[in-house]
Amino acid sequence: MNTIYKRRSIRKYTSEPVSEKVLKEIIKAGMNAPSAGNQQPWHFIIINERKLLDEITKIHPYSQMLHEAQVAVLVCGDLDFEKHKGYWVQDCSAATENMLLEIVDQGLGGVWLGVYPRKDRVEGIRKLLGVPENVIPFSLVAIGYPAEKKEPKNEFREERIKYNYWR
Ligand SMILES: Cc1cc2nc3c(=O)[nH]c(=O)nc-3n(C[C@H](O)[C@H](O)[C@H](O)COP(=O)(O)O)c2cc1C
């Protein structure tokens with residue numbers, strides 16, 4: 001079945017480790033996302049130290065699954081790479097979604113944890129990981145082999161579609 005519909009937020013994981021090779025494939029998918037003027041303003045921080053994953057749960061109130069996750073990837077936007085001002089958020093969103101789809105194709109489970117624009121999360125994670133000022137922690141993707149199963153999505157809503165005009 002199409003990866004898009006199979007993708008669900010998976011928040012329970014087994015203790016099976018995620019290999020470096022698979023992580024690189026996931027990040028490669030992120031790096032192949034579309035970006036404004038192909039500016040690719042992103043960096044990816046692989047977080048696999050248990051101490052750091054546990055620390056993030058104290059900064060981010062909805063990240064308790066990180067206690068179980070084998071690894072998380074922090075997607076960051078680098079303002080110095082911006083050719084088209086303000087688009088970094090959309091670029092990093094596209095990268096995050098691409099990663100989530102690759103996670104499904106790799107037989108893993110993941111969930112998008114929103115960081116930006118919540119100032120406390122951005123600054124807390126910046127301090128914890130030593131992220132420089134021109135780089136903004138944008139999203140965290142928790143990753144692990146799934147220990148829960150969810151039904152594919154079916155969210156089509158005809159009433160949200162309009163033709164040509166708002167009417
Ligand atoms: C911008 C954004 C921020 C999110 N932040 C969190 C979060 O902090 N914690 C969490 O458990 N899920 C988070 N999610 C996942 C959503 O809760 C989830 O995508 C939504 O409920 C739909 O479920 P599904 O992903 O299984 O389709 C976030 C998703 C997005 C797109």
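For this chain, numbers begin at 1 and follow the sequence in order. The shown structure was predicted, so the numbers you read here are calculated from the model rather than taken from an experiment.
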Heavy-atom closest contact (S93 atom, F138 atom, distance): OG-CZ, 3.3 Å

Nearest heavy-atom neighbours spanning F44 and M99: CE2-SD, 3.6 Å

Side-chain donor-acceptor pair present, T57, S63, cut-off under 3.5 Å: no

Any donor-acceptor pair under 3.5 Å from E102 side chain to G30 backbone: no

Main-chain N/O of K162 paired with Y165 side-chain donor or acceptor, under 3.5 Å: no

Salt bridge flag under 4.0 Å for residues E20 and K24: yes

Closest approach of C76 to C92 (non-hydrogen atoms, all atoms of both residues): O-SG, 3.8 Å

Exercise: identify the closest heavy-atom pair between A142 and A69: CB-CB, 4.3 Å

Under-4.0 Å salt bridge between E49 and K51: no

N98 CG to M31 CE distance, which is reported to the nearest 0.5 Å: 12.0 Å

L100 side, atom CG; I4 side, atom CD1 - distance, nearest 0.5 Å: 12.0 Å

Any donor-acceptor pair under 3.5 Å from R8 side chain to E151 backbone: yes

Residue pairs, two or more places apart or on separate chains, that pass salt bridge (Lys or Arg N to Asp or Glu O under 4.0 Å) and touch residues 106-135: E123-R126, R126-E133

Spacing of NZ belonging to K12 relative to NZ belonging to K150, to within rounding of 0.5 Å: 8.5 Å

From I47 atom CD1 to L66 atom CG, the distance as rounded to the nearest 0.5 Å: 8.0 Å

Y87 atom OH: more than 12 heavy-atom contacts under 6.0 Å: no

Test item: V73 and I45 side chains (from C-beta on) under 4.5 Å apart, heavy atoms: no

Derivation and outcome, side-chain hydrogen bond (donor to acceptor under 3.5 Å, both in side chains), residues Q39 and D91: CA-CA 8 Å; Q39 61 184 356; D91 300 340; 2.6 Å; yes

Spacing of CG belonging to L52 relative to CD1 belonging to I125, to within rounding of 0.5 Å: 11.0 Å

Least distance between heavy atoms, S35 atom then W42 atom: CB-CH2, 3.8 Å

Ring geometry between Y62 and H60 (parallel below 30°, tilted from 30 to 60°, perpendicular above 60°): perpendicular

Check: E82 side chain, G86 main-chain N or O, donor-acceptor pair, under 3.5 Å: yes

Pairwise distance CH2(W88) to CG(D78) - rounded to 0.5 angstrom: 10.5 Å

Under 3.5 Å donor-acceptor, R50 side chain and H67 backbone: yes

Residues N48 and Q70: side-chain donor-acceptor under 3.5 angstrom: no

NZ/K28: more than 12 non-hydrogen atoms of other groups inside 6.0 Å: no

